[in-house]
Amino acid sequence: MAIRIFETDPNAKPKATFSDDTVGRFHGGKAENGIPVALSEWRVTTGDPEVAAAIAQLMGGSAVETDSTSENYIEVLTERDKVKVVLSGPDAISSDLKLWNGSALIHHCDGVEFLSPDEDKGKPCRCPELMEDRKAAAKAKRGPAPSISVTFRLAEDYDLGLFRLQTGSWKLAEVLHEVENALDKIGAEAVCSLELELVEYTTKKGRDVSYRKPTIRVLKSWSDAIADPKF
């Protein structure tokens, strides 16, 4: 199931030019004193000391155990903003739109129809038609935001296990169909570059803006990659 965000606003489409089976999670930020903080390099969390040690060896940084009463995990603040990963195909990506009130899911849709609860499934969700209006509603906590999950293995240590990236990035949501199409075209496991891409620009009012966005670049099939001695 994918977000259907361009059916109602086609002009927004970019122009062509731990309780699961994963061993760890990738994050583009962290919370400090309850405040979200964006990071310039990947942060990886896991409950397995061996996985944490392997990540630190591959991506730099050091494994640190958290001292939290609510949850216990090992954190690695890596030294890399990009890493080559292996996705099984389009099925490695799931996406929808969600609005939460605390721990309660109060709106769940694909941008056109409700996905839950069962009594509303398939009914029009009546989200705003225009992309910018959707973003504004989500920012005001009056509409759902993207919920994107990507499952992958590390190309440098394939047998280490499955990792997951969970993100609410609108920027990734806007181009996710391109990633899925590229994976579908390969039709098998694919090597991708998972990046925290730096975006910098100056607004019309002269204000400099800089931020990182999660990016997935599909490179080649995994079979071609392992057959290439230069890979």
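Just the heavy atoms: all of them, side chains too, but no hydrogens, waters or symmetry mates, feed the values below.
Residues L219 and S193 form a side-chain contact, since some pair of their non-hydrogen atoms from C-beta on lies under 4.5 Å apart.
M59 and L160 fall within a single hydrophobic cluster, where Ile, Leu, Val, Met, Phe, Trp and Tyr side chains are chained together by heavy-atom contacts under 4.5 Å. Clustering ILVMFWY residues whenever any of their side-chain heavy atoms sit less than 4.5 angstrom apart, transitively, puts V23 in a cluster other than the one holding I74. In the hydrophobic cluster analysis, where Ile, Leu, Val, Met, Phe, Trp and Tyr join through side-chain heavy atoms closer than 4.5 angstrom, L99 is grouped apart from I148. Taking hydrophobic clusters as Ile, Leu, Val, Met, Phe, Trp and Tyr residues chained together by side-chain heavy-atom distances below 4.5 Å, V150 shares a cluster with V51. Y211 and L172 fall into different hydrophobic clusters, defined by Ile, Leu, Val, Met, Phe, Trp and Tyr side-chain heavy atoms under 4.5 Å apart, directly or through other members.
Although no hydrogens or angles enter the test, the distance criterion places a donor-acceptor pair under 3.5 Å between the side chain of T203 and the main chain of R207. No donor-acceptor distance shorter than 3.5 angstrom exists from the side chain of R25 to the backbone of L165, with no hydrogens or angles considered. A donor-acceptor pair under 3.5 Å is formed between the side chain of R134 and the backbone N or O of G111. With hydrogens and angles disregarded, a donor-acceptor distance shorter than 3.5 Å links the side chain of D110 to the backbone of E113. Formation of a donor-acceptor pair under 3.5 Å by the K141 side chain with backbone atoms of A137 is not found in this model.
For the residue pair W170 and P146, the shortest heavy atom distance occurs at CE2-CD, 3.3 Å. The shortest heavy-atom contact between G60 and V76 is O-CG1, 3.7 Å. S88 and D91 get closest at one heavy-atom pair: OG-OD1, 3.1 Å. Nearest approach of L105 to W100, heavy atoms of both residues: N-CE3, 3.5 Å. The two atoms that bring C192 and L183 nearest to each other are SG-CD2, 4.0 Å, heavy atoms only. When every heavy atom of L194 is checked against every heavy atom of W42, the shortest pair comes out as O-NE1, 3.3 Å.
Judged by distance alone, the side chains of R164 and S149 do bring a donor and an acceptor atom under 3.5 Å apart. Side-chain polar atoms of S169 and T167 form no donor-acceptor pair below 3.5 angstrom. For the residue pair E195/T215, the side-chain donor-acceptor check at 3.5 Å is not satisfied.
Listed by first and then second residue, the side chain to side chain donor-acceptor pair (under 3.5 Å) pairs involving residues 181-192 are Y158-E189 (not counting sequence neighbours).
Every side-chain contact (heavy atoms from CB on, under 4.5 Å) that L58 has, sequence neighbours left out, goes to L154, E156, D157.
In summary, D118 and K121 do not engage in a salt bridge, as defined by a charged side-chain N under 4.0 Å from a carboxylate O. At a threshold of 4.0 Å, the pair E174-K213 does not count as salt-bridged, since none of the basic side-chain nitrogens sits closer than that to a carboxylate oxygen. Under the 4.0 Å criterion applied to side-chain N and carboxylate O atoms, R153 and D159 are not assigned as salt-bridge partners.
For the atom pair CG (L196) and CG (L39), the distance works out to 8.0 Å, reported to the nearest 0.5 Å.
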List the steps and the verdict of side chain to side chain donor-acceptor pair (under 3.5 Å) for S147 and Q166. CA-CA 7 Å; S147 178; Q166 189 78 34; 3.2 Å; yes

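H107 and F114 have tilted rings, their planes meeting at an angle from 30° to 60° on a 0 to 90° scale.
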